[in-house]
Every structure is written in structure tokens, then in C-alpha cells.
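The chains referred to below are lettered A, B, ... by the order of the sequence lines, with proteins before strands, and numbering in each begins at 1.
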Amino acid sequence: MNDVLVVSAEEFPKERGRSETKLGNLVADLSLKVANKLYRPSDNDSIDFCLLNFGGLRTSLPKGEITRGKVFELMPFENELVVLTITNDSVNALINYLIRTGGQPVSGVKMGIDEFGDTETQLGNPHKSKKKYKILTSDYLANGGDKMNFFLDPMNTESVGIKLRDAIIQYCISENKKGNKLVSNLNGRITFE
Amino acid sequence: MSRRKFIKQALFSGFGLAGINLIPFSSFASKKRKHIKIVILHTNDVHSHIDPFPDNDPKYPGLGGAARRASLIQQIRNEEENVLLLDAGDVFQGTPYFNLYEGEIDFKLMSLMKYDACTIGNHDFDNGIDGLNKMLPHANFPFLNANYDFLETILKGKIKTYKVFNKNGVKIGVFGVGVELDGLVDKKLYKKTKYSDPVIAANKTADILKNKEQCELIICLSHLGYKYKTDKISDLKLASLTKNIDLIIGGHTHTSLDKPTKIKNLDGEITLINQVGWAGVNLGRLNYFVNNSKNYTVSSQNITITGKKIP
């Protein structure tokens, strides 16, 4: 548990009351990267975007050495990554959920909410017109955890074949092998005016 | 009716029965019993944090740790006669200790620290209701909950609604309430546990503790959460919608309060709410100086657990 997986370039604190955090972006981005490598779709469609929850990220990551134990603290749960195919209507409910909760960790999403509550959203590849979306999430949320009820009646559920924690561990190890430090950025994925 | 009870009622029927920082007592009654100091110590959401946070942690560098908490508690026990040690749930889940030992270490340590009671948090279901049941033999303290119905589960008969403690003649009633599980915990984990309205359960239980059990202090261990932007039930709401509860020891929202929050309850009396963050970084402490039913003063000090020796 004390083996060092990677070195982090900076602190990634667990923060409350923000629409976007570096820690949330880090985990959502790496989940999508790892899942894209592993996911074997039953059709030809790739994953559109990733949605996780702030409540599921349980601790802050320090600057410097990140141990396996620290990743267990960040993601103690045995949750699996899954890909859900959901309808446009359910995606609208998902967008409303993001607005209502003030944002959640996402990757592949750009969303601006103006002072009148009007929303401009870009989900996944903007050049694809869609009647349904494929979303990467955890099985906890897929089962309606954190009241994500829009996930409860999906058109299709597919397993990625990896736990969220193992995806984080795998990503840390591979970044370290490449000689990279762990980095993350804020880039206005969900903004409220 | 005993003579003592009669005296109490005669003395207090005319008062507003306010909760704290009260009224110097009449010499008549204080001859019956001197002030008795009751020290309430509490934790919440420890989440298997057995070791202190490392020194490079962004938020809690070098803080917490079960061994230090145990020494601090022992130090207080050496100084105080009447100590009650309580926890507001989410003992489980958060470090590899839980992934590997499934809560055995947590319950054994709490038993060694002589916890008096604990309530059940949502994460205490993380290895399923069977996982919690499997760990119960490692806890030598009771689990209290008044608003989960376990009748159709493996925990049937194992969770008490409340417990009454007698500390030097002062009867202290402790009960617990838990958060709505639907949408928070996977149903396959909590199985046929039935949640009911914590306000109704709290009022019913506090009434029993007050009137049937004749408790002088009533404490609610709550895993509802301190407050929400939505109308979800919270400790702030629970306090205002109930009566007879002197203190709510909260959890779930990992709220770190500097001092207890005072809320007027249904009777216009003060209910205190305290919550001390998470991960065993702090120990909550309240000192009640009791000399009669609903007549006490209280002071508090939430202590951050560091590596330094406490003076």
C-alpha cells in the first residue's frame, strides 16, 4: 500500500461548492482515457462523455509522491466503470441535474449556464447529431446513486471491465512510466455566470 | 410519584424551561444533589482513518490518528468521573484498512477506547448489511437507531432504538437517526432495511426517554447531515421540528463546527447541534453541569487531534 505510483506536480484538494475542480477533472479525464482503451462496444459507437460525482472522491491528493494507499483513500469503493446508453430525454434530465447540483466531475462536456438559467451545452463530439448518448460512469451512479435517476432506465448497460480505483492506479503507473508527473487543469467545463 | 420528582415539578412548573446557561438554582433543591459534571465526547465520519494524515496532506497535515485519539480520551477519563463517548456513524470506508479488514480494526479500536454508543451511517452498509452484521461481534458497544426498521433483515433484534446511561445518578438517554438510504446506498447493500421519517422517530423516542425513562439529558446521534440547500431533512431542521432533545451529535456532511449551533426547538427551548468534521481529525467535547431535569449549564470545546501533547 505504501508503494509510490507517481509523483503529483501539485496538490489536488477535495473542494466543495465549485462547479469544476482539478481533482474532479483529473479523475473524469483519466477514467475516459482508460475506458476508451478497454471498452469494446456492442455497436460501433464510442463513449460520448464521462460523468462522475464529487461525493465519490473521498480525499485530497497531496503534491509529491502518490501511494497506492492514497488512491484507496481517494476511491475506497469497489465501484466498476460502466457505459450506459441513454436517450436524449434522459440526457436533458442529466443536464438539469448538473445545473441543480452546481456541477459534477465531467470529461467531454462543455456547459455554460447564464444568469437567466439558459444553458449552452456541448456533449462529446459536436459533429455527431444524436438521438442517444453513451456515458461513462460508475455502477454506483448507474444504479441511481446520488439520485442520478436519469441513469435508472438505460437503453443499454455495458461493463468496461475495470474498477474506477484500478483505472486511477493504472493511469498513475502509466504516467510515471512515461516520465510524467500527475497534472490537471481547470478549463471551464461547467461555468455559471 | 416520588418526593423528588414532585419537588422538581413544583419548582419548575412556572419557569420557561430554557435549555442552557440557566438560572441559578434554589438552595432548597441544590441540597438534594450537587452539580454533577457530565463530559460528552464524540466523533463522526471517522471512515477507517486509523493513521494520522501524512504531513504533506493539503488539508489536514499530520492531524488525527486513532492512537492519539485514544490517549486524548484516556487523559480526559483520568481527569473526569462521568464521561460518555459517542459516535455519529460512518465508521467504515475510506482507507485500505477497511478494504483489507472490513471494519474489524475500527470496531476493535472503538471498543478499546470504550465507546458507549454509535449510530449507523450510510457507509456502514458499504459491505452490505451482511458485512456490518459480520463485524458486530467486534464491537462491545451498542448501535442505536430509531428510524431504520431491520425486522426483515439479518440485523433484526441487534440494533437498539435507544440506551439509557446512568452517570452518578444522572440519567442520560441516547438514541440514533439515520439518513434516507434510497438514492444514496445501493439497495442490494441495505436490502430490506426500511427508512422512516426521522422527525417522527426522534419525537417518539425523545418522548419515551423524557417521560417514561425520566432522562435528564437526551442526546440524538444523527447521521442526517448538518444542513442542505434543498428541503432534505437535516440536523438544523430536526432540531427545530422536535422537542425534549438537548443535544444532536451530527455526522454525514463532514461539517466542522467551531462550537455547537443553538436552535430553538418546538417548545422554544434550546437544542444544541455539534459535528466535528471527519476522519478523526477532531474530538467534540461538551461539559454538562447538571443539577436537575432541564436545569444545567454547558460549555464546549472541539479539540483538534495533533501530534502535540495536550497541556
- Message: Can you tell me which of A:G55, A:G64, A:P76 forms the most heavy-atom pairs within a distance under 4.5 Å of chain B?
- Response: A:P76
- If one checks every heavy atom of A:L61 against chain B at 4.5 Å, the contacting part turns out to be backbone
- chain A contact via B:P54 - side chain, backbone, both or neither, heavy atoms under 4.5 Å: side chain
- Message: Under the rule for ring pair (Phe, Tyr, Trp, His ring centres under 6.0 Å), what residues qualify as partners of B:F125, not counting sequence neighbours?
- Response: none
Can you pull out the donor-acceptor contacts between chain A and chain B, under 3.5 Å, including backbone atoms?
unit_1 : atom_1 : unit_2 : atom_2 : d
A:K14  : O      : B:K59  : NZ     : 2.5
A:R16  : NH2    : B:T253 : O      : 3.3
A:R58  : NH2    : B:H47  : NE2    : 3.3
A:R58  : NH2    : B:H123 : NE2    : 3.3
A:P76  : O      : B:N99  : ND2    : 2.8
A:E78  : OE2    : B:N99  : ND2    : 3.0
A:Y140 : OH     : B:L184 : O      : 2.6
A:N143 : ND2    : B:D186 : OD2    : 2.9
A:D146 : N      : B:G183 : O      : 2.6
A:K147 : N      : B:G183 : O      : 3.2

